[in-house]
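Everything below concerns the one structure shown next.
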Amino acid sequence: MKHDIYSAEGLYKIVEKVELSPTVSKHVIYAPLIAAKAKAGHFVILRAHEGGERIPVTLVDWNPETGTVTVIIQAIGKSTTQMNAFKQGDSFSDVAGPLGTPVEIKKYGTVAGVGGGVGIAELYPIAKAFKEAGNKVISILGARTKELLILEREMESISEKVLVTTDDGSAGRKGLVTDAMKELYAAGEKIDAIFTIGPIPMMKFVALTSLPHKTPTFASLNPVMLDGTGMCGGCRVEVGGKARFACVDGPMFDAHQTNFDQLMKRTAAYREHEKLSLDRYARDHECRIGLH
Ligand SMILES: Cc1cc2nc3c(=O)[nH]c(=O)nc-3n(C[C@H](O)[C@H](O)[C@H](O)COP(=O)(O)OP(=O)(O)OC[C@H]3O[C@@H](n4cnc5c(N)ncnc54)[C@H](O)[C@@H]3O)c2cc1C
Ligand code: FES
């Protein structure tokens, strides 16, 4: 059924919720104006309730026909824990977007997607778009352990080859995504571009691994974002020695030019406050999600 994109009825309602792992949930949300404009690489900013924190999350999928967008959220702090406690039929107070600059999708030849943890969800729409543009896609998926490995089947459906690594060897091979990259290079695989999304240290080492091979490599940066529109400067990152705003200039940037050490320092700045806020929320709600 075609939806009236100008209707406010049911706006931001969760029409489907699926728990993908103990800490990661998929939410399909009614947001027709966003669904009509979304492209691979876009993100949205969600608020659980009025006055709530503004949380950036990547658009994993969208359907202009049903007016829905899909996001995958990992509960790591107070707001994401609160969001993943939502049930089907609950509503976010607002969803702003689509935000950011979409990834330029073109024919490279062979594109390797390297995703870590919830970054695999963020990688999926980009890898899918490259596949649809006629590229051969090789996916390297990394997780700490088997139960945190998500979207393996979806990635398989768009990839020529999927290599899985886990820190503890409970799925795929024991090791890091960079071990799988080194194997591909050693086997003489010709890789024309790499797109990586995941924890900052992982993306830094993906860039260091591809640098000697001169493979163009792009990383989706995840600094703390506030307004998401280039106004506050909160998401400043250093790329090629210049200050860039991840929310409008990115979030995808040339990984070989990115100052990952500075990004790590900046994202850690509020860690103490974030921990206090989560502890207080967990105490008030006797919530066990995300505290394992
Ligand atoms: C462009 C972009 C896309 C993202 N896509 C996804 C996604 O698809 N799925 C997903 O689970 N997560 C995604 N994230 C990360 C997600 O925004 C953070 O996990 C979330 O904001 C944490 O909020 P919290 O209150 O639960 O945790 P907190 O306890 O407040 O923070 C925990 C950590 O999350 C990060 N963080 C906190 N606040 C923000 C903020 N306003 N903006 C960015 N990072 C923040 C910091 O590294 C912080 O140390 C994305 C981030 C960015 C910038
Ligand atoms: S989030 Fe404010 S400038 Fe990017």
Side-chain angles (χ1 to χ4, degrees), residues 19-27 29 38 40-49 51-62 69-86 95-103 115-126 143 148 150-151 196-201 203 218-237 243-253 260 263-282 285 287 289-291:
E19 285 176 16
L20 302 179
S21 85
T23 53
V24 179
S25 293
K26 174 171 114 171
H27 303 252
I29 307 166
H42 272 143
F43 67 95
V44 290
I45 291 191
L46 308 172
R47 285 196 312 164
H49 55 81
E53 228 185 328
R54 297 164 60 79
I55 301 296
V57 289
T58 303
L59 287 173
V60 174
D61 208 353
W62 47 90
V69 298
T70 302
V71 296
I72 292 185
I73 302 177
Q74 179 172 33
I76 59 165
K78 177 188 163 188
S79 299
T80 47
T81 300
Q82 220 168 20
M83 288 172 180
N84 279 0
F86 276 169
V95 181
L99 300 168
T101 299
V103 172
V118 77
I120 298 170
E122 303 170 51
L123 182 63
Y124 172 67
I126 295 168
L148 296 175
I150 55 169
L151 302 195
T196 182
I197 311 185
I200 303 166
M203 295 193 287
F218 303 89
S220 183
L221 305 186
N222 50 356
V224 172
M225 289 186 181
L226 300 174
D227 64 309
T229 61
M231 305 292 280
C232 71
C235 67
R236 205 174 63 249
V237 290
R244 308 290 300 276
F245 290 164
C247 69
V248 285
D249 302 323
M252 195 68 85
F253 291 98
F260 286 104
L263 176 60
M264 263 182 269
K265 235 185 261 163
R266 282 177 63 86
T267 52
Y270 305 103
R271 203 137 287 165
E272 212 35 52
H273 292 290
E274 289 157 357
K275 187 175 176 316
L276 278 175
S277 175
L278 177 62
D279 289 348
R280 207 172 302 131
Y281 176 78
H285 293 78
C287 179
I289 303 167
L291 297 179

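Note that the structure is a prediction, hence the values are computed from the model and not measured. In listed order, ligands and their atoms are each counted from 1.
When the options Pro251, Cys235, Pro223 are ranked by their closest heavy atom to atom 53 (C) of ligand 1, first place goes to Pro223. Considering only non-hydrogen atoms, atom 13 (C) of ligand 1 lies nearest to Pro56 out of Gly119, Gly250, Pro56. Closest to atom 41 (N) of ligand 1 by heavy atom, among Met252, Met264, Met83, Met225, is Met225.
Every atom of ligand 1 is numbered from 1 in the order shown, and the set under 4.0 Å from a heavy atom of Lys78 is 25 (O), 26 (O). Close contacts of ligand 1 with Thr267, meaning ligand atoms under 4.0 Å from a residue heavy atom, involve 47 (O), 49 (O). Below 4.0 Å from some heavy atom of Ile73 lie the following atoms of ligand 1, by number and element: 11 (O). Applying the 4.0 Å criterion to heavy atoms of Cys247 picks out, from ligand 2, the atoms 1 (S), 3 (S), 4 (Fe). Close approach of ligand 2 to Gly230 (heavy-atom distance below 4.0 Å) involves ligand atoms 3 (S). Near Cys235, the atoms of ligand 2 lying under 4.0 angstrom from a non-hydrogen atom of the residue are 1 (S), 3 (S), 4 (Fe). Which parts of ligand 1 touch Arg54 is read off a 4.0 Å heavy-atom cut-off, strictly below it: atoms 41 (N). Contact atoms of ligand 2 toward Leu226: 1 (S) (distance under 4.0 Å to a heavy atom of the residue). In the vicinity of Ile76, heavy-atom distances shorter than 4.0 Å reach the ligand 1 atoms 19 (O), 32 (C), 33 (C), 34 (O).
With a 4.0 Å heavy-atom cut-off, ligand 1 is reached by the backbone of Gln74 and by its side chain too. Under 4.0 Å from ligand 1, the heavy atoms of Glu53 that appear belong solely to its side chain. Only the backbone of Met231 comes within contact range of ligand 2, with a heavy atom under 4.0 Å; no side-chain atom does.
Arg54 places a side-chain N or O within donor-acceptor distance of the main-chain N or O of Asp227, the cut-off being under 3.5 Å. Proximity of a side-chain donor or acceptor of Thr101 to a complementary backbone N or O of Val248 within less than 3.5 Å is detected. In this structure a side-chain-to-backbone donor-acceptor pair under 3.5 Å is present from Asn84 to Thr23.
Among the atoms of Cys232, an N, O or S atom falls under 2.8 Å from atom 2 (Fe) of ligand 2.
Nearest non-hydrogen protein atom to atom 3 (S) of ligand 2 is Gly233 N, 3.1 Å.
Inter-residue side-chain proximity for Gln82 and His49 is flagged as met; some heavy-atom pair is nearer than 4.5 Å. Leu151 has its side chain within reach of Ile72: a pair of non-hydrogen atoms, C-beta onward, lies under 4.5 Å apart. At least one side-chain heavy atom of Ile73 sits less than 4.5 Å from a side-chain heavy atom of Leu46. Counting heavy atoms from C-beta outward, Phe43 and Met225 have side chains that approach closer than 4.5 Å.
The neighbour count for Arg236 CZ, taken as heavy atoms of other residues, nucleotides or ligands under 6.0 Å away, does not exceed 12.
Taking all atoms of both residues into account, the shortest heavy-atom contact from Met203 to Ile197 is SD-CA, 3.9 Å. The two atoms that bring Cys247 and Gly228 nearest to each other are SG-C, 3.5 Å, heavy atoms only. Residues Arg266 and Gly233 share a closest heavy-atom pair of NH2-O, 3.9 Å. Considering all non-hydrogen atoms of both residues, Ile126 and Gly41 come closest at CG1-N, 4.1 Å. When every heavy atom of Glu19 is checked against every heavy atom of Ser25, the shortest pair comes out as CG-OG, 3.6 Å. For the residue pair Val71 and Leu59, the shortest heavy atom distance occurs at CG1-CD2, 4.3 Å.
Asp227 contributes atom OD1 as its closest N/O/S atom to atom 2 (Fe) of ligand 2.
The shortest N/O to N/O separation between Val57 and ligand 1 does not fall below 3.5 Å. Residue Thr81 has no nitrogen or oxygen atom sitting less than 3.5 Å from a nitrogen or oxygen atom of ligand 1, judged on distance alone. The N/O atoms of Val118, backbone and side chain alike, include none that comes under 3.5 Å of an N/O atom in ligand 1. Geometrically, ligand 1 and Leu221 share no nitrogen or oxygen pair separated by less than 3.5 Å. For the pair Ile55 and ligand 1, the shortest N or O to N or O distance does not fall below 3.5 Å.
Residue contact annotation: Val71 has no non-hydrogen atom under 4.0 Å from ligand 1. The closest approach between Ala246 and ligand 1 stays at or above 4.0 Å for every heavy atom of the residue.
Ile45 CD1 to Thr229 OG1: the interatomic distance, rounded to the nearest 0.5 Å, is 8.0 Å.
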